[in-house]
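Sequence lines set the chain letters: A, B, ... in the order given, protein chains first and strands last, and positions in each chain run from 1.
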Amino acid sequence: MSETTKPLNFIERIVEDDLSNGKVTQVHTRFPPEPNGYLHLGHAKSIWLNFGLAQRYGGVCNLRMDDTNPAKEDEEYVESIQRDVQWLGYQWEGKVRYASDYFDQLYAWALYLINHGKAYVCDLSAEEMRQYRGTLTEVGKDSPYRNRTVEENLALFEKMRSGEFEEGACALRVKIDMASPNINLRDPVIYRIKKASHHQTGDKWCIYPSYDYAHGQSDAIEGITHSICTLEFEDHRPLYEWFIANLPVPATPHQYEFSRLNVNYTVTSKRKLKQLVDEKHVDGWDDPRMPTIAGMRRRGFTPKALRDFCEMAGVTKVEGVVDISMLEHAIREDLNTNAPRAMCVLQPLKVVLLNYPDTKTETVLGHNHPQNEAFGTRTLPFSREIWIEQDDFREEANKQFKRLVLGKRVRLRSAYIIEAVKAIKDEQGNIVEVHANVIEDTLGKDPADGVKAKGVIHWVDARSSVDCEVRLYDRLFTDVAPDAGGKNFLDYMNPNSLVILRGCKAEVNLAHSDKDTRYQFERQGYFIQDAQDSTPDHLVFNRVISLKDTWEKSAEA
RNA sequence: UGGGCUGUCGCCAAGCGGUAAGGCACUGGAUUUUGAUUCCAGCAUACCUAGGUUCGAAUCCUAGCAGCCCAGCCA
């Protein structure tokens with residue numbers, strides 16, 4: 001083992017142990033979302049963990065809809081889930097599974113428990129059941145229905161199944177221990193009456209199994225070896241194991257828990273994300289500011305960046321909060337090496353090159369990637385009028401300012417060095433145009449007089465430029481932990497999370513660019529056309545992430 | 001105050017009795033036709049606290065402290 005080997009996380013260690021001592025011959029995991037909402041960053045980690053683990057150890061991973069509660073679920077979500085998993089780069093084993101595929105088996109096992117005197121139909125109301133359950137510090141007491149005979153329970157359960165009872169009238173409970181310090185073991189409900197039609201099974205059932213009853217047995221049916229879930233299910237593990245031990249299941253899966261992913265400056269709770277969508281604080285589940293997989297995809301994040309981020313954050317049982325800068329680093333790292341460069345002026349200021357003939361147009365060569373020649377080159381038209389960024393010109397400035405200043409020189413990226421001679425202003429004193437001169441023979445070389453340019457700025461040829469709309473996204477919340485404590489996360493929404501810029505000037509090459517290509521607009525950031533709104537006639541670019549800007553930071557003082 | 005889990009740099013995170021990896025962030029400096037990238041350097045005498053065991057403890061023991069989760073016929 002070399003010293004550069006990445007240390008294993010605790011789950012990988014368990015898997016390797018199980019593999020080496022023969023406890024399992026092939027790793028089989030599963031990603032089990034409930035189809036009641038869109039997947040988000042937190043799910044991305046679970047997907048990465050479950051599918052990644054299987055991939056790394058030569059195993060397989062199932063995709064299973066945990067659809068035991070028809071009241072909250074919808075087919076729309078089962079479709080989005082599949083799209084998101086595949087987009088992240090993973091493929092599940094066989095067909096998509098549903099917990100509802102096992103309703104018949106689960107029902108048969110419920111009968112088995114009844115027949116073995118381990119389950120009973122309880123007529124206590126929800127309120128009564130809560131009282132009987134006891135509290136965190138007081139033991140519960142047995143339900144008066146706990147000792148019904150097998151025959152009685154069988155008959156009652158059949159009536160539940162056939163729809164003879166109203167919702168809430170009774171429930172099937174498993175007989176464990178009302179005095180257990182673990183409340184999950186105080187005779188939990190395993191079947192409840194819900195007269196709702198199910199997105200997969202229609203109206204076949206009016207009783208549905210609970211999560212606890214369905215999950216482990218589904219794992220057993222599918223031959224899952226490592227059932228990975230989040231920390232809040234730790235207390236459920238004894239129950240998970242109880243079912244596996246008390247039912248004639250075909251396998252003995254094991255549950256392991258890791259801490260869910262939390263990222264600062266954002267919220268990842270289906271409830272809150274749904275609220276943002278329902279109350280129209282954002283544009284929908286795929287709003288580019290949303291931490292949903294659909295949102296991040298539209299924003300322009302890459303699957304690889306998301307996977308790398310999950311890996312960077314690690315797998316432990318510590319409930320921490322990962323800094324969003326780690327996510328930003330992951331996407332910048334990927335895009336820096338993989339995004340071709342282009343130029344686009346976001347807030348245009350016209351520069352007229354006085355000594356450049358109005359009739360002339362030449363082409364200069366631009367490198368599509370400064371560190372990778374394989375990206376090739378492209379041609380850029382160059383003529384008398386060009387656009388530069390308003391921020392890149394000042395009438396006067398200190399020596400820190402490495403851009404265009406009146407009477408001083410600056411290099412136009414991939415083109416000439418120019419020298420500003422005059423600022424044209426409107427009545428209000430706003431600079432509306434700059435006059436400048438091209439320094440002769442500076443294409444690819446320093447000026448003959450030895451007076452070098454102070455810096456390099458991007459530009460776009462005015463005559464050939466293409467207008468476009470650019471959407472600048474920033475974090476959705478201004479607070480590090482918008483949903484912490486008793487805070488109302490809506491109070492911390494960033495009013496500038498979306499800034500729309502119109503009339504931006506893109507280099508011609510972008511007019512017929514591939515819609516899925518992420519570009520680096522030099523000196524600006526990484527951009528991708530909006531999948532929804534961008535058309536050849538009206539280009540719309542989303543900013544995935546800005547470039548790091550150490551100057552802007554230090555200049556704020 | 002019952003049970004379960006967790007506490008190592010600002011944030012993640014290695015470490016598993018032999019004298020504190022790495023990443024993010026940050027700070028210097030070098031290179032640069034992107035104030036980007038890259039590079040190089042710096043960044044915990046210290047591991048929740050207090051005792052103890054040991055030649056030696058972040059790692060073992062004891063006692064505390066702090067945080068998170070559990071009283072849905074949600075998942």
TODO: Can you figure out which of B:U6, B:C73, B:A75 approaches the side chain of A:M129 most closely?
DONE: B:C73
Open item on the list: Rounding to an integer number of angstrom, what distance separates B:A50 and B:A57 when you compare their C1' atoms?
Closed with: 15 Å
Task: side-chain N/O A:R13 vs B:A14 OP1/OP2, d < 4.0 Å - done: no
Open item on the list: Heavy atoms only, 4.0 Å cut-off, all strands: where does A:S325 land among base, sugar-phosphate and nothing?
Closed with: sugar-phosphate
Open item on the list: Using whole Å, what does the distance between atom P of nucleotide B:C70 and atom CD of A:E232 come to?
Closed with: 8 Å
Open item on the list: At 4.0 Å (heavy atoms only), tell me whether A:G168 reaches a base, stays on the sugar-phosphate, or touches nothing.
Closed with: base
TODO: Indicate for each nucleotide in nucleotides 29-37 of chain B, in 5' to 3' sequence, whether protein heavy atoms under 4.0 Å reach the base (B), only the sugar-phosphate (S), or nothing (-).
DONE: ----BBBBB
Task: Pair partner, B:C5 [Watson-Crick or wobble, under 3.5 Å] - done: B:G67
- [ ] Assess whether atom NZ of A:K487 is packed by more than 12 heavy atoms of other residues, nucleotides or ligands within 6.0 Å.
- [x] yes
Open item on the list: Can you measure A:R260 atom CZ to B:A75 atom P for me and round it to whole angstrom units?
Closed with: 15 Å
Open item on the list: More than 12 heavy atoms of other residues, nucleotides or ligands under 6.0 Å from NZ of A:K317: yes or no?
Closed with: yes
Task: Residue closer to the 5' end of RNA chain B, A:H215 versus A:I183 (nearest nucleotide) - done: A:I183
Open item on the list: I want to verify a distance call: between B:A25, B:C73, B:A13, whose nearest atom is closest to the A:V318 side chain?
Closed with: B:A13
Open item on the list: Students often get this wrong, so: under 4.0 angstrom with heavy atoms, is A:V139 touching a base, only sugar-phosphate, or nothing?
Closed with: nothing
Open item on the list: Take a 6.0 Å sphere around CD of A:E373 and say whether it holds more than 12 heavy atoms from other residues, nucleotides or ligands.
Closed with: no
Open item on the list: Any strand counts, and the cut-off is 3.5 Å on both contacts for Watson-Crick or G-U wobble. Which nucleotide pairs with B:U62?
Closed with: B:A50
Open item on the list: Quick check on contacts: within residues 187-195 of chain A, what sits under 4.0 Å from RNA chain B by heavy-atom distance?
Closed with: A:V189, A:R192, A:K194
- [ ] Take A:L41 and A:V263, measure what side chain to side chain contact (heavy atoms under 4.5 Å, CB included) needs, and give me the verdict at the end.
- [x] CA-CA 9 Å; A:L41 204 44; A:V263 178; 3.8 Å; yes
TODO: Identify which nucleotide among B:A71, B:C73, B:G23 has an atom closest to any side-chain atom of A:M312, counting heavy atoms from C-beta outward.
DONE: B:G23
Task: Chi-based syn or anti call at B:G72, which uses purine or pyrimidine torsion atoms and a 90° bound - done: syn
TODO: Please report the shortest heavy-atom distance between A:R30 and A:H215, naming the atom on each side.
DONE: NH1-NE2, 2.6 Å
Task: Whole angstrom value for the distance that separates P of B:A13 from CG of A:N262 - done: 11 Å
- [ ] Check every strand shown and say whether A:H458 touches a base, only sugar-phosphate, or nothing at a heavy-atom separation below 4.0 Å.
- [x] nothing
Open item on the list: Measuring from the side chain of A:T137 (C-beta onward, heavy atoms only), which nucleotide among B:G2, B:C24, B:A75 has the closest atom?
Closed with: B:G2
- [ ] Looking at every strand, decide which applies to A:D66 at a 4.0 Å heavy-atom threshold: base, sugar-phosphate, or nothing.
- [x] sugar-phosphate
Task: Mutual orientation of the aromatic rings belonging to A:Y256 and A:H254 [parallel < 30°, tilted 30-60°, perpendicular > 60°] - done: tilted
Task: Side-chain N,O (A:T68) to OP1/OP2 (B:A75) below 4.0 Å - done: yes
TODO: Please work out if A:L136 contacts a base, only the sugar-phosphate, or nothing of the nucleic acid, heavy-atom cut-off 4.0 Å.
DONE: base
Task: Gap in Å between the two C1' atoms, one belonging to B:U6 and one to B:U49, rounded - done: 16 Å
TODO: Assign A:I545 to base, sugar-phosphate, or nothing according to its heavy-atom contacts below 4.0 angstrom with the strands shown.
DONE: nothing
Task: Rounded interatomic separation in angstrom, taking CG from A:N264 and C1' from B:C24 - done: 11 Å
Task: Pairing partner of B:A20 (Watson-Crick or G-U wobble, both distances under 3.5 Å) - done: none
Open item on the list: Rounded to whole Å, please give me the gap between NZ in A:K141 and P in B:A71.
Closed with: 19 Å
TODO: For B:A14 and B:C24, measure between their C1' atoms and round to the nearest Å.
DONE: 15 Å
Open item on the list: Counting only side-chain heavy atoms from C-beta out, which of B:A75, B:G72, B:A13 sits nearest to A:S210?
Closed with: B:A75
Task: Interatomic distance at C1', B:C47 relative to B:U59, whole Å - done: 10 Å
Open item on the list: Between B:A46 and B:U53, how far apart are the two P atoms, rounded to whole Å?
Closed with: 22 Å
Task: Distance, rounded to the nearest Å, where A:D235 contributes CG and B:C69 contributes P - done: 12 Å
Task: Aromatic ring pairing A:Y107/A:W205, orientation class (parallel under 30°, perpendicular over 60°, tilted between) - done: tilted
Open item on the list: Around atom CD of A:Q275, are there more than 12 heavy atoms from other residues, nucleotides or ligands closer than 6.0 Å?
Closed with: yes
Task: Pairwise C1' distance, B:C43 and B:C11 [rounded to whole Å] - done: 14 Å
Task: Selection from B:C73, B:C74, B:G23 that lies nearest to any side-chain heavy atom of A:R133 - done: B:C73
- [ ] Consider the side chain of A:T316, meaning its heavy atoms from C-beta on, and name the nucleotide among B:U6, B:A13, B:C12 that approaches it most closely.
- [x] B:A13
Task: Within-4.5 Å side-chain heavy-atom neighbours: A:R341 and A:P370 - done: yes
TODO: Can you see which heavy atom on A:C504 is nearest to which on A:C344, and at what distance?
DONE: CB-SG, 4.4 Å
Task: Test applied, side chain to side chain donor-acceptor pair (under 3.5 Å); reference residue, A:S100; option that passes from A:D67, A:D66, A:T201, A:T68 - done: A:D67
Task: Exercise: identify the closest heavy-atom pair between A:P33 and A:I81 - done: CG-CG2, 3.8 Å
- [ ] Compare the minimum distances between each of B:A71, B:C5, B:C68 and the side chain of A:K317, then state the nucleotide with the smallest one.
- [x] B:C5
Task: Candidates B:C73, B:A25, B:C70 - which lies nearest the side chain of A:N184 - done: B:C70
- [ ] Take atom C1' in B:A44 and the same atom in B:U1, then report the distance between them in whole Å.
- [x] 37 Å
Open item on the list: Is it the case that the ring center of A:Y213 lies less than 6.0 angstrom away from the ring center of A:F243?
Closed with: yes
Task: Span that lies between the C1' atom of B:G18 and that of B:A66, in whole angstrom - done: 31 Å
Open item on the list: Taking pairing as Watson-Crick or G-U wobble with both contacts under 3.5 Å, can you name the mate of B:A41, or confirm there isn't one?
Closed with: B:U27
Open item on the list: I need the NZ-P distance between A:K270 and B:C74, as an integer number of Å.
Closed with: 16 Å
- [ ] Quickly work out the A:L185 CG to B:C69 C1' distance and round it to whole Å.
- [x] 16 Å
TODO: State whether A:Y132 and A:K141 meet the cation-pi test: NZ (Lys) or CZ (Arg) under 6.0 Å from the six-membered ring centroid, and within 45° of the perpendicular axis.
DONE: yes
Open item on the list: Counting the atoms with a prime plus P, OP1 and OP2 as sugar-phosphate, which does A:F233 contact under 4.0 Å by heavy atoms, base, sugar-phosphate, or nothing?
Closed with: base
- [ ] Tell me what A:A313 touches on the nucleic acid: a base, only sugar-phosphate, or nothing, going by heavy atoms under 4.0 Å.
- [x] sugar-phosphate
